[in-house]
Amino acid sequence: MTAPQILGAPTPTARSAGLIGCTRCGRVFAPGTELCTRCGAPLSSRDPRALQRVWAWWFAGLVVYFPANIYPMLITRTLTYSGEGTILGGVVELLGHGDYFVAFVIFFASILIPVGKFLAIAFLALSIRNHRFLDEHAQHRLHAVVEFIGRWSMIDVFVVAILASLVRFDAVATINPGIAAISFALSVAFTMLSAQSFDPRQIWDE
Amino acid sequence: MSASVHQQDSPPASGPAPAALERLRACPHCDALYQIAPVAPRERAICTRCGAVLIAPRARAFSRIIALAVTALILMAAAIFMPFLDLSASGMHSRASVLDAVLAFSDGMMLPLSVAVGALIVVIPALRLSLIVYTLAPMMRGGPALPRAGQAFRLADALKPWSMAEIFLIGVAVALVKVAGIATVTPGPAFWAFCGLVVVTVLHDDVMDAESVWQAIERRESARRTAADAAASRA
Ligand SMILES: [Zn+2]
Ligand SMILES: [Zn+2]
């Protein structure tokens, strides 16, 4: 990179130059411009309400996360067995069958990622201007990881959809989705929106 | 990693001219300001401040993107309607298509979930690919961009995290393990179509360089405006 930078000097930014950059396409505009002429996205030097939206989606996601873990994901009925399985119950069941790898995948996608995501988003929102614990680069990477990995939690919802559509031997065996499938899907969607609501430029502001 | 975006070393004095602004880019992640310079295919311009890839052009990108997007749409159509999985247990058969998986929740209060699953694995991926074809196909033939091409492409970009075909495929794998004890499952043609769809989508996203598309849209938009102005002044 051929960046003529003075050592120790702050990096020139659109804001320090008195301009506004589009966060969708990168085009730069004079102050006062409201919409990007290239992609139509609304422009702001920094989005003052970004953190409010992060927290609003975060709480919404947390509220629906509790029923997702308490109520059943799957309701199974066979001739000899009738039972309800929660997210954690599903993992335990897979472990019992000796399917360690798949048990780990579901544990990772349905328990570790959602919990980690709540913690990571809260940490970023609380410390976005404070680099005592993590520097800008680490915060930026954490945000990128949360955005990248959060959507993978949806695996369990799809597993339920596939099982419910496949296992339909009316009298003999049926699998039906439980209420937790809805609340878990909502929780994943809300926390995705929460992570997307960040204005990542705020991480780098001096 | 070579790059030819030049960091703006001093802020432009006074009010910058719109023409000068056209040559500037701000990193969408960290706001670092750059003067754009041509980047050769297969080279990448990376933000020196945060490491984000700003420009990554590819040779014949538009025709490749369109070809891959159309292929993905065809595979998607095949994946929806053909049999996806065939389950047999103690002499009984059950067959499910992707459509069945979507409709698994369609009764009563589970309906919203049915809509969501349908959106995430069928509607949003198909919409995103269609929007990209809408944006790029007219420009590939050298013609002007269709109306609202910019908005269409921005929507396609915003839909990317919500397009979950590859996650669905992992879900299928997990479901297969879960029923392995009680039944035997045979993948149908739609299963392979869906695998193909995921591979093609990965290739498609790899060739896609948003900055090249934005520049093409902007060039055609300004050419159209100049022509309109000329026509207006002639009248
Ligand atoms: Zn823009
Ligand atoms: Zn950057």
Side-chain angles (χ1 to χ4, degrees), chain A residues 1-6 11-19 21-30 38-41 94 97 99 102 105-106 136-137 140 147 151-152 154-169 172-173 177 181-182 185 189 192 196 200-201 203-204, chain B residues 3-4 6-12 15-16 21 24-33 46 48-50 54 85 87 89 92 94 96 100-105 110 112-113 116-117 120-121 150-151 153-154 157 161 164 167-168 170-172 174-175 177-179 181-182 210-211 214 217-218:
Chain A
M1 184 60 106
T2 53
Q5 258 178 291
I6 309 131
T11 323
T13 61
R15 175 146 94 165
S16 70
L19 302 167
C22 173
T23 50
R24 274 285 169 203
C25 73
R27 182 82 152 79
V28 174
F29 295 92
R38 213 157 61 148
C39 70
L94 281 166
H97 287 291
D99 295 319
V102 178
V105 168
I106 292 296
E136 293 91 336
H137 291 275
H140 177 82
E147 281 223 286
R151 44 203 291 281
W152 285 90
M154 215 55 108
I155 288 179
D156 226 9
V157 176
F158 295 144
V159 172
V160 173
I162 296 154
L163 288 179
S165 61
L166 258 185
V167 184
R168 275 196 228 171
F169 301 116
V172 186
I182 286 188
M192 280 175 70
Q196 287 174 12
R201 298 173 298 184
I203 291 174
W204 298 89
Chain B
S4 35
H6 298 288
Q7 185 102 43
Q8 185 80 352
D9 45 0
S10 59
L21 286 180
L24 293 179
R25 289 294 174 275
C27 171
H29 301 276
C30 74
D31 211 29
L33 194 60
I46 291 170
T48 44
R49 195 187 198 194
C50 75
L54 300 175
L85 294 171
L87 189 80
M92 289 194 296
S94 158
D100 292 325
V102 169
L103 296 174
F105 305 127
M110 289 293 170
L113 199 56
V117 170
L120 294 174
I121 66 176
Q151 275 97 324
F153 190 65
R154 176 164 66 100
D157 187 45
M164 298 194 179
I167 301 176
F168 179 72
I170 303 294
V172 172
V174 171
V177 171
K178 282 198 163 192
V179 295
I182 56 165
E211 178 61 31
W214 288 126
I217 293 174
E218 196 167 37

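Quick note on labels: first sequence line is chain A, next is B, and so on, each numbered from 1.
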Can you measure from CG (B:Asp157) to SG (A:Cys25) and round to the nearest 0.5 angstrom?
9.5 Å
Determine whether A:Phe158 and B:Val172 make a side-chain contact, defined as any pair of heavy atoms from C-beta on separated by less than 4.5 Å.
no
Mind listing the closest non-hydrogen atom pair of A:Pro200 and B:Pro28 along with its distance?
CG-O, 4.1 Å
Could you go through the salt bridge (charged side-chain N to carboxylate O under 4.0 Å, His left out) check for B:Glu218 and A:Arg27 one step at a time?
CA-CA 10 Å; B:Glu218 196 167 37; A:Arg27 182 82 152 79; 2.5 Å; yes
Any side-chain heavy atom of B:Cys30 within less than 4.5 Å of one from A:His140?
no
For each of A:Arg151, A:Met154, A:Glu136, tally heavy-atom pairs with chain B at distances under 4.5 Å, and name the one with the top tally.
A:Arg151
At what distance, to the nearest 0.5 angstrom, does CZ of B:Arg49 lie from OG1 of A:Thr13?
6.5 Å
Quick one: pull up CD1 in B:Ile167 and CG in A:Asp156 and give me the separation to the nearest 0.5 Å.
12.5 Å
Where on B:Phe168 is there a heavy atom nearer than 4.5 Å to chain A: the side chain, the backbone, both, or neither?
both
Measure A:Ala185 against the heavy atoms of chain B and call it side chain, backbone, both or neither at under 4.5 Å.
side chain
Among A:Cys22, A:Ala189, A:Gly21, A:Ala41, the residue with the most heavy-atom pairs under 4.5 Å to chain B is A:Ala41
Checking the side chain of B:Asp31 only, and the main-chain atoms of A:Arg15 only, is there a donor and an acceptor separated by less than 3.5 Å?
yes
From CD1 (B:Ile217) to SG (A:Cys39), nearest 0.5 Å:
9.0 Å
State, yes or no, whether a side-chain contact exists between B:Leu120 and A:Val157 at a heavy-atom distance under 4.5 Å.
no
A:Asp99: partners by side chain to side chain donor-acceptor pair (under 3.5 Å), with sequence neighbours left out
none
When rounded to the nearest 0.5 angstrom, what is the spacing between NE2 in A:His137 and SG in B:Cys50?
8.5 Å
Heavy atoms only: give me the nearest B:Pro161-A:Gln196 pair and the separation to one decimal.
CG-NE2, 3.5 Å
CG (A:Leu166) and NZ (B:Lys178) are apart, to the nearest 0.5 Å, by 13.0 Å
How would you list, by chain and number, every residue that makes a side chain to side chain donor-acceptor pair (under 3.5 Å) with B:Arg154, sequence neighbours excluded?
none
Can you give me the closest heavy-atom contact between A:Ala181 and B:Leu113, atom names plus distance?
CB-CD2, 3.5 Å
